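Input: a single structure, listed below in structure tokens.
The chains referred to below are lettered A, B, ... by the order of the sequence lines, with proteins before strands, and numbering in each begins at 1. As the structure is a prediction and not an experimental result, all values here were calculated from the model. Heavy atoms only: backbone and side chains are in, while hydrogens, waters and symmetry mates are out.
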Protein chains: 2
Amino acid sequence: MKNFSYFLSHSVYMISIMQTKQDNSSKKYIDLPLYVQIKHKILLALEQGLWKSGDLIPSESDLATTYEVSQGTIRKALDELVQQQLLIRRQGSGTFVATHQEEQSKYRFLHLANSAGVIEDSQNKILLCTHQKAPKIVYVSFKMQAEDIFVHIRRLMSFNGKPIVFEDIWLPCPLFGDISLELLASWSGSMYGLFESHFGVHMTHAEERIHAVLPSDMAAEYLGIDALVPVLDVFRVAYTYGDRPVEVRQAQYITTEHHYFNRIG
Amino acid sequence: MKNFSYFLSHSVYMISIMQTKQDNSSKKYIDLPLYVQIKHKILLALEQGLWKSGDLIPSESDLATTYEVSQGTIRKALDELVQQQLLIRRQGSGTFVATHQEEQSKYRFLHLANSAGVIEDSQNKILLCTHQKAPKIVYVSFKMQAEDIFVHIRRLMSFNGKPIVFEDIWLPCPLFGDISLELLASWSGSMYGLFESHFGVHMTHAEERIHAVLPSDMAAEYLGIDALVPVLDVFRVAYTYGDRPVEVRQAQYITTEHHYFNRIG
DNA sequence: CAGTGGTCTAGACCACTTC
DNA sequence: AAGTGGTCTAGACCACTGC
């Protein structure tokens with residue numbers, strides 16, 4: 001145990017502590033708060049893949065002893081990570097690394113609902129899975145070069161049998177090199193669930209930019225709409241731990257019977 | 001318009017606390033946790049306008065003594081309210097009711113940026129401010145009737161001198177009855193700042209539904225675009241404390257040089 | 001300097017899950 | 001029964017603000 005305990009004053013006992021532990025008593029709070037430091041350490045473990053999606057992490061009291069802080073401090077660090085949806089707590093069981101395998105997070109990134117405000121189940125069809133160069137907007141988002149090769153996936157999502165979303169997905173080869181159409185076609189869960197279980201890449205957050213446009217020729221064809229029907233263009237960059245961009249996708253949504261929803265607050 | 005001193009509202013609050021205080025010692029954790037109960041009580045005070053936007057609320061230790069709990073429990077309740085942006089903490093000064101008057105919250109509800117990802121300052125022009133019946137989508141959102149009268153505001157927002165957003169805003173008369181074009185035109189801050197300072201209505205959150213559409217004739221005219229240029233249709237319902245809907249607006253955004261942005265995570 | 005929020009501790013007990 | 005997260009307390013001290 002550490003402890004700049006306030007009550008232990010000038011005793012021989014204290015000397016033995018100071019031999020094994022640096023003297024914090026003179027430099028309090030000049031660094032970041034302890035719980036922030038611990039949060040960073042846990043984040044580092046997640047970034048480096050020490051703990052993988054779905055893993056049980058050490059208990060709060062274990063972490064408290066290893067980091068030499070109180071359980072309350074550990075708790076505060078975990079609180080923020082749980083809040084960022086990087087960890088999940090289960091009372092009685094433990095604290096786990098968040099995963100996209102659960103049903104609840106299936107549509108966490110797809111903000112599409114029907115006129116009734118209901119999020120429907122989708123039927124997905126993979127149209128394409130190749131390795132090739134990418135448009136400028138893509139490789140710039142990854143801070144890579146025009147010559148670099150990416151995985152390119154094209155997909156059609158349908159709701160109630162009607163095609164609604166046509167999208168192009170781009171992934172950096174180093175991470176997703178051996179992905180294939182067969183693998184994608186055989187996978188029944190969410191795409192981010194697949195990325196996680198097969199490539200160890202967990203998406204933590206994303207940024208979307210939305211425009212109203214006329215559909216591309218190809219989108220109009222696959223979506224079965226007239227070239228003059230406005231569609232929602234959704235450009236997404238998705239990130240993993242440490243704000244590393246690991247996916248770019250450009251989708252076009254038909255919004256005659258659906259809408260993009262967003263909560264502000 | 002504010003300034004009931006918080007001491008007054010606080011003492012009223014105290015009475016209600018003393019009345020509802022019960023013996024916790026025999027029945028632990030069978031009700032909601034203490035900090036949740038306290039959070040609800042504070043929320044109630046906000047809903048009822050006991051504490052108004054910008055007001056200083058009692059200190060954590062004051063609240064702790066009035067609620068007969070520890071400071072840590074008060075802190076946990078406040079933590080969540082701060083997180084919801086209903087309260088703001090200022091170290092050394094105190095805890096305040098959140099307000100839309102601050103510069104930082106000026107564009108909290110407007111998710112519009114230019115191609116560079118920069119949120120620009122807008123120039124606003126009020127085109128209309130009348131009292132009249134509203135479309136079905138509006139009165140249904142308020143759970144009111146077709147015959148009911150609403151305030152109807154029409155506004156044009158420009159960025160760098162170019163009109164980009166055309167919007168119709170609907171407000172329930174009981175709350176905003178004496179709003180006028182003169183008042184709106186003379187106000188230089190954000191619209192939610194005006195609602196707050198002149199009508200005591202603080203927007204806490206909103207929900208938006210977004211479609212890609214062709215512009216209405218009127219929108220096309222005011223925005224100076226061709227009737228065949230797709231625009232983003234943003235339908236918003238904004239809420240105040242207690243999830244009460246207090247504003248509906250339908251806007252059309254030109255997205256050729258701007259985009260709607262959203263963070264998922 | 002007094003008062004406020006911010007951090008941290010040590011310890012107690014409750015509620016839940018698992019064996 | 002053992003172990004885990006969830007709640008709560010009492011008290012200490014730090015960092016900041018305003019008078």
Any side-chain donor paired with an acceptor under 3.5 Å for B:Glu247 and B:Tyr239?
no
A:Gln71 CD to D:dG6 C1', in whole Å, measures 9 Å
Can you see which heavy atom on B:Arg209 is nearest to which on A:Gly117, and at what distance?
NH2-CA, 3.7 Å
Starting at atom CG of B:Asp31, determine the distance to atom P of D:dT7, rounded to an integer number of angstrom.
14 Å
Atom-to-atom span, CG of B:Asp79 to C1' of C:dT4 - whole angstrom
15 Å
Does a side-chain N or O of A:Thr73 approach OP1 or OP2 of C:dT9 to a distance below 4.0 Å, or not?
yes
Are B:Phe176 and B:His198 near enough that their ring centres are under 6.0 Å apart?
no
Taking the side chain as every heavy atom from C-beta outward, state whether B:Ile179 and B:Phe195 have any pair of such atoms under 4.5 Å apart.
yes
Do B:Ser197 and B:Trp187 come close enough that some side-chain heavy atom pair is under 4.5 Å?
yes
Length of the line joining A:Asp62:CG and D:dA2:P, which is rounded to integer Å:
17 Å
Check this one for me: any side-chain N or O of A:Lys76 less than 4.0 Å away from OP1 or OP2 of C:dC8?
no
Do the non-hydrogen side-chain atoms of A:Ser122 and A:Tyr107 ever get within less than 4.5 Å of each other?
yes
Figure out the CG/P separation between B:Leu63 and D:dC8, and round it to whole Å.
16 Å
Phosphate OP1/OP2 of C:dG6 contacted by B:Arg89 side-chain N/O (<4.0 Å):
yes
Rounded to whole angstrom units, what separation is found between the CZ atom of A:Arg75 and the P atom of C:dG11?
19 Å
Please report, to 0.1 Å, the donor-acceptor pairs under 3.5 Å made by any side chain of residues 40-52 of chain A, with sequence neighbours excluded.
{"unit_1": "A:Lys52", "atom_1": "NZ", "unit_2": "A:Gly49", "atom_2": "O", "d": "2.9"}

Do any N or O atoms of the protein come closer than 3.5 Å to N or O atoms of nucleotides 16-19 of chain C, and which pairs are they?
{"unit_1": "C:dC16", "atom_1": "O4'", "unit_2": "A:Gln91", "atom_2": "OE1", "d": "3.4"}
{"unit_1": "C:dT17", "atom_1": "O3'", "unit_2": "A:Ser93", "atom_2": "OG", "d": "3.0"}

In whole angstrom, what separates B:Leu78's CG from C:dT4's P?
13 Å
Atom-pair distance (CD on A:Glu60; P on C:dA12), nearest Å:
18 Å
What's the closest nucleotide to the A:Leu34 side chain, out of C:dG5, D:dC8, C:dC8?
C:dC8
Choose from C:dT4, D:dC8, C:dC8 the nucleotide whose nearest atom is closest to any side-chain atom of B:Ser70.
D:dC8
5'-most contact on DNA chain C: B:Gly94 or A:Gly72, nearest heavy atom basis?
B:Gly94
Nearest listed nucleotide, side chain of A:Tyr35, among C:dT7, D:dT7, D:dC8:
C:dT7
